[in-house]
Amino acid sequence: MRKIAPIILLTDADILSRHAIAYNLRANGHTVFEAANLKEAQIVIRQFPRRIELVLCDETKLVESGISELIRCADSASLLVNLRFLAGFEAVVRAAVALSNNGNTSQEKQDFDLLVSYILYVKAKQSNNTSN
Amino acid sequence: MAQQEYIENAHLSILVVEDEILIRQMLSENLREAGFQVMEAYNADEAISLLQATLPALIISDVKMPGSLDGLGLLAQVKVTHPHLPVIITSGHVLPSQAICAGADNFVPKPYGFGSMLCAVKNVLEKN
């Protein structure tokens with residue numbers, strides 16, 4: 001039977017940032033759905049409520065364009081959806097772009113690894129909550 | 001998919017341009033499962049930004065999209081800036097002849113099954 005992988009939903013209006021982060025997350029073994037705007041994010045949340053384990057949003061660009069709507073949408077779709085808004089997103093983007101261009105420094109690798117570690121932490125926490 | 005074929009596809013990247021997120025995701029995930037590297041763009045403007053940073057082996061583009069250009073406009077621009085970059089147009093609104101006359105390397109009518117899209121992708125990549 002085909003394994004259904006949990007999804008990280010990445011919402012970012014900047015294509016280059018979104019592509020770089022998604023590329024690196026996939027390289028780390030994650031299944032990533034890319035949403036270009038809040039409307040797309042809401043469609044994915046409604047369509048795959050049980051598969052989304054984490055929503056990553058660029059808080060700085062989306063906060064003024066109705067992010068509370070996205071939160072409401074996630075709340076009404078499923079309690080399993082975790083929303084995390086990335087503070088320090090710019091550093092993660094810089095790191096992801098550098099990594100995808102193979103021009104990474106150890107600092108950039110460290111910055112992106114922080115995101116990967118954070119995702120693992122959220123996954124582990126979610127898994128504990130589900131088993132309890 | 002045979003493992004050999006998967007490995008052959010692994011170095012090829014495809015840019016999918018589609019404003020319907022569920023169609024874009026389904027096509028992209030299927031292409032990834034076939035071994036391709038996939039880049040996703042919501043519209044022609046995003047596709048042009050990506051093309052300034054990276055060069056895919058192939059573009060698959062919808063026609064009706066929000067933004068400054070539709071899929072045929074993107075096709076026209078790509079033929080100027082990247083004349084050797086093949087483009088597959090997919091649409092339920094334009095005729096195959098319109099897309100081919102505009103310079104598309106292949107046309108896949110919507111709605112399509114992934115099998116027909118994969119066939120079109122293989123044909124175009126083999127020719128190029």
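In the text below, chain A, chain B and the rest are named by the order of the sequence lines, each starting its count at 1. Values below: all heavy atoms of this structure, side chains included; hydrogens, waters and symmetry mates excluded.
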Query raised in the report: Counting a contact as any heavy-atom pair under 4.5 Å apart, which residues of residues 43-51 of chain B contact chain A?
Result: E46(B), S49(B), L50(B)
Query - Under 4.5 Å from a heavy atom of chain B, the part of A35(A) involved - result: both
Report summary line: Hits for side-chain contact (heavy atoms from CB on, under 4.5 Å) against D70(B), two or more places apart or cross-chain, chain-then-number order -> V63(B), L72(B)
Query raised in the report: If you look at every heavy atom in Q37(B) and Y23(A), which pair is closest and at what distance?
Result: OE1-CE1, 3.8 Å
Query raised in the report: Are M65(B) and M26(B) co-members of a hydrophobic cluster defined by side-chain heavy atoms under 4.5 Å apart?
Result: no
Query raised in the report: Looking only at heavy atoms, what is the nearest atom pair of D19(B) and E40(A), with distance?
Result: O-OE2, 3.3 Å
Query - Closest approach of R24(B) to E34(A) (non-hydrogen atoms, all atoms of both residues) - result: NH2-O, 2.9 Å
Query raised in the report: Rounded to the nearest 0.5 Å, how far does CG of L22(B) lie from CZ of F33(A)?
Result: 8.5 Å
Query raised in the report: Between R26(A) and E40(B), is a salt bridge (charged side-chain N to carboxylate O under 4.0 Å, His left out) present by the stated rule, with each step listed?
Result: CA-CA 13 Å; R26(A) 287 188 188 109; E40(B) 302 174 30; 3.3 Å; yes
Query raised in the report: So what's closer than 4.5 Å to chain B heavy atoms on Q47(A): side chain, backbone, both or neither?
Result: side chain
Query raised in the report: Hey, what do you get for NZ (K39(A)) to OH (Y42(B)), rounding to the nearest 0.5 Å?
Result: 6.5 Å
Query - Euclidean distance, E29(B) CD relative to T31(A) OG1, rounded to 0.5 Å - result: 6.0 Å
Query raised in the report: What's the shortest heavy-atom distance between A41(B) and I15(A), and which atoms?
Result: CA-CD1, 4.2 Å
Query raised in the report: What residues form a salt bridge (Lys or Arg N to Asp or Glu O under 4.0 Å) with E18(B), not counting sequence neighbours?
Result: K110(B)
Report summary line: Applied to residues 76-100 of chain B, the side-chain hydrogen bond (donor to acceptor under 3.5 Å, both in side chains) test, sequence neighbours excluded, yields K79(B)-D105(B)
Query raised in the report: Is there a chain of hydrophobic side chains (I, L, V, M, F, W, Y, each step under 4.5 Å between heavy atoms) that links L55(B) to I59(B)?
Result: yes
**Report entry** Joint hydrophobic cluster, I100(B) plus V87(B), side-chain heavy atoms closer than 4.5 Å
**Finding:** yes
